[in-house]
2 protein chains.
Amino acid sequence: MTKYVYDFAEGGRDLNDLLGGKGGNLAEMAGMGLPVPPGFTITTDACRAYLRTGREPYGLADEVELHLERLEEQAGRRFGDPDDPLLVSVRSGAKFSMPGMMETVLNVGLTDATVAGLAARTGDEDFAQDCYRRLIQMYGRTVCGIPGDAFDSAGSSVQRHKAIFRQYTGHEFPQEPREQLDTAVRAVFDSWNADRAVLYRRQERIPSSLGTAVNVVAMVFGNLGADSGTGVAFTRDPATGERGVYGDYLADAQGEDVVAGIRNTMPLQDLEQRDQASYDELMSIMSTLEEHYKDLCDIEFTIERGKLWMLQTRVGKRTAAAAFVIATHLVDEGVIDLDEALSRVTGTQLAQLMFPAFDLSGGAPRIATGVAASPGAAVGAAVFDSHRAAEIAASGTPVILVRRETNPDDLPGMIAAQGILTSRGGKTSHAAVVARGMGKTCVCGAEELEVDLDKGQFTTNGHVVSEGDVISIDGTAGAVYLGTVPVQPSPVVRYFEGEIAPDADPLIRAVDRILRHADDRRRLAVRANADTGADAARARRFGAQGIGLCRTEHMFLGDRRTLVERLILARTPQQREAALAELLPWQRADFTELFREMTGRPVTIRLIDPPLHEFLPPLEDLAVRVARAEERGEDPGHDRDLLDAVHRMHEDNPMLGLRGVRLGLVIPGLFAMQVRAVAEAAALVPGSRAEIMVPLVGAVQELETVRDEAQRLLAEIGVDARIGTMIEVPRAALTAGQIARAADFFSFGTNDLTQMGWGFSRDDVEGAFFGRYLELGIFGVSPFESIDRDGVGRLIRIAVAEGRAARPDLHIGVCGEHGGDPDSVHFFHEVGLDYVSCSPFRVPVARLEAGRAAVESTGSDTR
Amino acid sequence: MTKYVYDFAEGGRDLNDLLGGKGGNLAEMAGMGLPVPPGFTITTDACRAYLRTGREPYGLADEVELHLERLEEQAGRRFGDPDDPLLVSVRSGAKFSMPGMMETVLNVGLTDATVAGLAARTGDEDFAQDCYRRLIQMYGRTVCGIPGDAFDSAGSSVQRHKAIFRQYTGHEFPQEPREQLDTAVRAVFDSWNADRAVLYRRQERIPSSLGTAVNVVAMVFGNLGADSGTGVAFTRDPATGERGVYGDYLADAQGEDVVAGIRNTMPLQDLEQRDQASYDELMSIMSTLEEHYKDLCDIEFTIERGKLWMLQTRVGKRTAAAAFVIATHLVDEGVIDLDEALSRVTGTQLAQLMFPAFDLSGGAPRIATGVAASPGAAVGAAVFDSHRAAEIAASGTPVILVRRETNPDDLPGMIAAQGILTSRGGKTSHAAVVARGMGKTCVCGAEELEVDLDKGQFTTNGHVVSEGDVISIDGTAGAVYLGTVPVQPSPVVRYFEGEIAPDADPLIRAVDRILRHADDRRRLAVRANADTGADAARARRFGAQGIGLCRTEHMFLGDRRTLVERLILARTPQQREAALAELLPWQRADFTELFREMTGRPVTIRLIDPPLHEFLPPLEDLAVRVARAEERGEDPGHDRDLLDAVHRMHEDNPMLGLRGVRLGLVIPGLFAMQVRAVAEAAALVPGSRAEIMVPLVGAVQELETVRDEAQRLLAEIGVDARIGTMIEVPRAALTAGQIARAADFFSFGTNDLTQMGWGFSRDDVEGAFFGRYLELGIFGVSPFESIDRDGVGRLIRIAVAEGRAARPDLHIGVCGEHGGDPDSVHFFHEVGLDYVSCSPFRVPVARLEAGRAAVESTGSDTR
């Protein structure tokens, strides 16, 4: 028969699937002999069975009874004993943390009969009454669905609480402790499927099938006087990673009082004076825990009349900087090795360390602090209405949208804003989820703000900020500043740029050391996407091993736009050839510069990709200009020619049309000019390693046609270059076995592949439907940011397998923007690519993640 | 060791891979004891080896020598014998017919030394000299690449021919017969890779790896006087299919003279008077051939001084009507069974029979006849310049582009024209290939036309047609008429419509009988795409078993457009709900009509798919209207509101954007209104079988969200309906296993799947790049017309396999336009779909092809 209940003595953190994170760690501590209040955990199996059938599984009631008896023995009290009652807390605890999503009921076991016993034992009548009131409130809300504010009018009277309970539920508050327990357990089970929990799981991609465990723990009280208290602590500083215990303590209080933040806590160190014994014991326990978990731990504890109890522990959250510092400290201390250190930091953390940060040396006034919901530094005019925000942003003024909280109607404003600031809600609020999905800076739950939407202003700590007043928000730190705070490059970036020495401070030392280890470990090469010599030089400083994508069309902008205009307006072969001949020296010079900066390293040059009309003014602008001129009786002149050309080239869906290789096959001489420029530049620069890449190929015949012409040209100029293709059209991936016949290399264009694989354009991610999809949980993150493994990723797997089968020496990389996304880099490692290419700034992130991926896969995979 | 040469006595048509079509059939006839001149075939193996290595494979020369000796024995003459020389023809012959693509050399073996022997044997000095001249010309052109017209000035002098040969090649015409033979064979091998052959194969999707065989056959001469001659014949009438021999004969002539059409041929029947013995023998042979091949055969024969020789046979080409009539006649004659009859007609032929045809009862003058290059009936103003054609067509006048021949510069005109007419070139000319690829009517090679581009006119048989004069061209028959010929529905369509009885004439009887057999055989159900009651009624008459696609957005056009405008302009929930409430009764009434027409059969209703701005005026028009009004100082009024709305909804790539399920999830109440209309209509019509289809799903979460809401509504109204999804986004196919969890059925939207799979839009097929791709042979036919098996087809295979694995009872069909394309129907049968759905007119074609596909697959597949 399935076992549904585990005593803490029976479990451990290896059973997290069954016991949840909280239950597993409580059992772990119990097993280590630490002072954990006695208790037991009802498994996720029981929850799943309950949710499937709508009733407790057979045998659960008996098991609970059995474990309750053991608990009574260990606690030395009996459940429902009017003289000295056992009270328990009933807490949810799933495998993955879902903060604030599910339910907790404290003081279960208090009744009219037992409350006196509690008073007698503790000698504190008020305390006992307070406990009873809390139970009625929490039980009423959690188990019976009574609104949270229903009890506001009840004051301190237990009778009034019970009357309100009766009024809402139609029955008396239950006086049978076991009934309280069973209904509370059921309420926790049910809370797994509450709307907010379902939405949270969808957004966080937590499977709904997991279910939650329920922990039933003997109550201990930190609010029994001056020799009692409660606290939270970290075994190291979670902000900086520095060694040394760090925490807060609140005397004569319960855990929820610390969270509520109503009373001022004291630094943990001050406990030493108040209660040396407990302090010493706590220090010893924390040291034991770190040794055991081999990492920073955070804990919650309570002291009940001088007796220390451990209520929770886990591997603790930390800032990005602390993650790097702690990992290298642990290596120095001999606790972990460098592989393990590498696996404990993430590319996302490194990217956070590379964000420009506010330069606070000017003493900008910090006017509020909230939850760091989505990283970045944003500056803009505060606006309190979404439609206003969209309007003002459209006029060119950067905007920070400020709301109490956001809802779907705020999407247009959120899309238009530089950043989002709310006074309510945490990391899982609408604002936080949507902002993170869009990659926008967000601070939420800044509770000091008094937002007055009618007046269009907020007040905080004496400051009044009205519509149009500029504020600055730091989504990495959760800080809000008045006025424009200048931004400065991060020290980590300055280290990459060579402006700071690798041993400048603990953080730089840690980053340097871990990145070097990642480089040793990784199998993926890392290249950069770069179109200019300056980009290439920076990329090299940041560790790029070559250029994976040079977008030649970027060289057609600026002053040279008129040359391209001439090409587009050409009506005769002579005009076309003249326009191409003028472009040739420019392109050659550009390529020469790139080759110089990347001597000895491969430089992949993509032939022109976008539709040509992108180089012309927008159709609507031209049409209006011509119409206005005509209406005034003037000659529209050149505008008329341009309009004609735009009409000729107009496409309803330019992303699905005349671009890439199609352009090359339709416009005689265009690709030939580019190939010639590459070859002539390569001939000029010793040590150049040119690779020519054909975009948008969907059929091998296209590539063969371009390849034949290019090879003739290369031979004529006497230059050797690999010729390969982007794999960015789904059909190219699906016929990769054929295409590999004509390709020296593949480079996945994951942006187009995502666009066509999903059937929506990147623009949409900035538009209405994507925001709505984030709300609905259909996306947790944009598939343009992190690779969609099931769909687009599958195309990649097919193309890699079949391309290599057809041509074992095929070199394969990726040059879409996913090349610098941490999760995507792991995927690219898994599927066996040879390299990733990303923007220069993302190169360190890709190096780190490629190393992590190598360490995480089997040892045989690492070189 | 590989055998490279087969005597005719050794081969047979089962060896076509090795011997080519011509060689296989010659050997077949030889094996039947028919009078075939002696000869042998050099295999495609030899050709492939030659092309791979650039030299004849080891052993080939000896084998040729051996077979040449046998040939000399059989012919009773020796190669190079100055007294009575053996002459041979050297002809290409690939597995698949490539008419006119490769080379032939006749009279090989003639030299200065042997020409006198030929004269002596035939007693005809002029004849011998003529043969020698022909050899020098053909050999010169084929083997040495001398331009075809180089010999024009040589008159009848052999000496002058030899001088020209020397002048072009720098050496004498070879006087060694074996050298002539070997170099001619090599030239035929090489012609496999000539540009035009490569292009033809690319266009026709014939693998380049096949190679050609070479037939070496003893020459026989039809040009040796009045008792000699040559002819072509068919065992039945290839135009109507009626029983009875049919052919042409030309006395004192060679085969090429018949083809050239310079002299008038006589009907085959007239041969009976001239040469009873040969005629009787020919009749007997034709009867034997039909019995042997069990089908209409066409033959080429020569009578040399009263001796009949068979030069070629094959299963003969025939018109679409003849195909049906012959197939059923052969069944009546007990030669084949109905399955075989079904496999001998094609959906393409049936479609041709359903084209509207010109109504010639008015006596329209037929002014020319050409090659029926691309079927259809087109009427328009003759225009002789491509740019003019594009301009005139743009002004709204239908145009027929008339050219001597077309080239890539003519693309704009070809795209703009209703039809294309050329005076030169055959079925594989540029005009024919591009027109077929685009599905445009084309008559080419109408050699009676004298096209004068400078004057902008053509003359033919006394008629002068100038730019702007209307002509009518019939691409099915190859006919050109003066003036507008009215079109009339085909008799086959009138039979489907019930206006003609099934036994009206031999053709209708044949179509009726074969289609009924196809219905018995096919496993695929056939539904129709229909949006109105009238369409549905017609579909039912044409044999549709249900509606596979009702496009609800089509119900939003016409008068109701203003209702949609109101929905789009709605700024408040109240306005939106009011607009939806007004649409509901219209939609309900539409659905009611469909259900009534399709009682007892499934009706699949697709929720709204296109982007909403398709219902608004084009952006440019509005912008210009508003700008003009403003410039005049007027108030643009409603146009301004519309322009604002269009700006709000504008997408750069509407096909990749806010459409389909995304629209349904973003606009509250839209899908709910449609589902309600379906359910209420279904409740009104007994026997209705509604299916609700969600468009553009890419992730199962989208479908689940819509499905949950729809099921609630259906339950509320008490109607049962299957809920399924289009599979039209590549990602949907790639994650079909997930999506099947939430779908009762899949319907492939092959149009969007092709669009996104290839990354170009359907519009492009009408644009410049597609024409260029047809020229380059990258496409043989638009992938929007016939399914791309390797790419898009692979997505379909994946989705079928994984959808069914996840849900074995999943019902799967296709409702893209490919559902009525013959080749695609075979593919859909192969991959195991349950049904295809296509336009009502295509339903009979789909029924036929589904039957053929069932018969062609294994017997176990047919029910």
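What you see is a predicted model; the values in this text were computed from it and never measured. What you see below is based on every heavy atom in this structure, not just the backbone, and it leaves out hydrogens, waters and symmetry mates. Chain letters run A, B, ... following the sequence lines, proteins first, then strands; residues in each count from 1.
- For B/V697, no part lies near chain A; criterion is any non-hydrogen pair under 4.5 Å.
- Across every non-hydrogen atom of A/W758 and B/R662, the tightest pair is O-NH2, 2.8 Å.
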- Audit row: B/R731, A/L795, side-chain contact (heavy atoms from CB on, under 4.5 Å) steps and yes/no: CA-CA 9 Å; B/R731 189 180 192 276; A/L795 288 174; over 6 Å; no

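- Counting heavy-atom neighbours within 6.0 Å of A/H647 NE2, excluding the residue itself, gives a total above 12.
- In this structure, chain B has heavy atoms under 4.5 Å from both the backbone and the side chain of A/V661.
- Contacts between A/Q755 and chain B at a heavy-atom distance below 4.5 Å involve backbone atoms as well as side-chain atoms.
- A distance of 9.0 Å separates CD of A/E704 from CD1 of B/I778, quoted to the nearest 0.5 Å.
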- Task: Evaluate the criterion side-chain contact (heavy atoms from CB on, under 4.5 Å) for residue pair B/E702 and A/Y773; output intermediate values, then yes/no.
- Result: CA-CA 9 Å; B/E702 297 172 305; A/Y773 270 37; 2.5 Å; yes

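- Contacts with chain B were tallied for A/T705, A/T754, A/I798; A/I798 has the most, counting heavy-atom pairs under 4.5 Å.
- In this view, B/R632 and A/E631, B/E634 satisfy the side chain to side chain donor-acceptor pair (under 3.5 Å) rule, not counting sequence neighbours.
- Heavy-atom proximity under 4.5 angstrom to chain B picks out A/L619, A/E620, A/A623, A/V624 from residues 614-626 of chain A.
- The two residues B/M655 and A/N653 make their nearest non-hydrogen contact at N-OD1, 2.7 Å.
- The contact between A/D788 and chain B is made entirely by side chain atoms (from C-beta outward), counting heavy-atom distances below 4.5 Å.
- Looking at A/R628, the atoms closer than 4.5 Å to chain B (heavy atoms on both sides) sit in the backbone and in the side chain alike.
- Between the CG atom in A/L656 and the CG atom in B/D752 there is a gap of 9.5 Å [rounded to 0.5 Å].
- The contact between A/L643 and chain B is made entirely by side chain atoms (from C-beta outward), counting heavy-atom distances below 4.5 Å.
- Heavy atoms closer than 4.5 Å to chain B are found nowhere in A/L663, neither backbone nor side chain.
- In this view, B/Q701 satisfies the side chain to side chain donor-acceptor pair (under 3.5 Å) rule with no residue, not counting sequence neighbours.
- B/S386 pairs by the side chain to side chain donor-acceptor pair (under 3.5 Å) definition with B/D410, not counting sequence neighbours.
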